[in-house]
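Sequence lines set the chain letters: A, B, ... in the order given, protein chains first and strands last, and positions in each chain run from 1. Both backbone and side-chain heavy atoms feed into the values below; hydrogens, waters and symmetry mates do not. All of these numbers come straight from a predicted model, not from anything done at the bench.
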Amino acid sequence: DAGVTQSPTHLIKTRGQQVTLRCSPKSGHDTVSWYQQALGQGPQFIFQYYEEEERQRGNFPDRFSGHQFPNYSSELNVNALLLGDSALYLCASSLVVNLSGYTFGSGTRLTVV
Amino acid sequence: AQKITQTQPGMFVQEKEAVTLDCTYDTSDPSYGLFWYKQPSSGEMIFLIYQGSYDQQNATEGRYSLNFQKARKSANLVISASQLGDSAMYFCAMRDYNAGNMLTFGGGTRLMVKP
């Protein structure tokens, strides 16, 4: 049973560019959340998608947007990249009815130069 | 507002000994869940243990147990019989149900197991 799969694993982008990160949830899960983890810090919630809609959003600017597809997979898009966007981006999947069952992927390490 | 505090940035433990990682939380919601995750250098967040605010007994999962003291708002993780593979970052997190489905994480504790 595959867990959460994220791609790519590493990415280097230039300031001002746009990036798309991808996440396939664990089999049977219907909800996808995205977190940003800066170096040496705990993850911070970006947003969550359920039924192809953004259900909740953390304190992140509109440059961060997302999408969920009918097969429950999800994308995170970041526009106009800043150096401060360099971080590990983690995807977590869960079942909306299971409040304690989050599964995380290994993340995408984004470096903005 | 939710808040999770982990006051130990780094800890050493001797192999085969027990270690306690501290976590305190702050919430006004009576219904919440507390989580501990392990993050090795690979980056993946590995779920260790969960405690619901209404659970009467402390959660246990193999070598992991959660020392839940509700009145003190603490949820310390106890790892028994430490192994070299336990060396990693450990994060305490909370889901406050009034705040929806997001997890709020502490700053983490780096555990280093000495042979």
Check each atom of [X] against the heavy atoms of chain B and say whether the ones under 4.5 Å are side chain, backbone, both or neither.
| X | result |
| --- | --- |
| A:Q56 | side chain |
| A:Q37 | side chain |
| A:F47 | neither |

Please tabulate, for the side chains in residues 105-113 of chain A, all donor-acceptor contacts under 3.5 angstrom to protein atoms that are two or more places apart in sequence or on a different chain.
from	atom 1	to	atom 2	distance (Å)
A:T108	OG1	A:P8	O	2.5

Cluster overlap A:L90 with A:V32, hydrophobic side-chain contacts below 4.5 Å: no

Under 4.5 Å from a heavy atom of chain A, the part of B:Q39 involved: side chain

Would A:Y102 and B:F47 count as a close aromatic pair, with their ring centres under 6.0 Å? no

4.5 Å side-chain heavy-atom contact, A:Q6 and A:L21: no

With a cut-off of 3.5 Å and sequence neighbours excluded, list every side-chain donor-acceptor pair involving residues 57-67 of chain A.
from	atom 1	to	atom 2	distance (Å)
A:R57	NE	A:F60	O	3.4
A:R57	NH1	A:E54	OE1	3.1
A:R57	NH1	A:F64	O	3.3
A:R57	NH2	A:P61	O	2.7
A:R57	NH2	A:F64	O	2.5
A:R63	NH1	A:N79	O	3.0
A:R63	NH1	A:A80	O	3.2
A:R63	NH1	A:D85	OD2	2.8
A:R63	NH2	A:D85	OD1	3.1
A:R63	NH2	A:D85	OD2	3.4

Out of B:A93, B:G52, B:G43, which one racks up the most heavy-atom pairs below 4.5 Å with chain A? B:G43

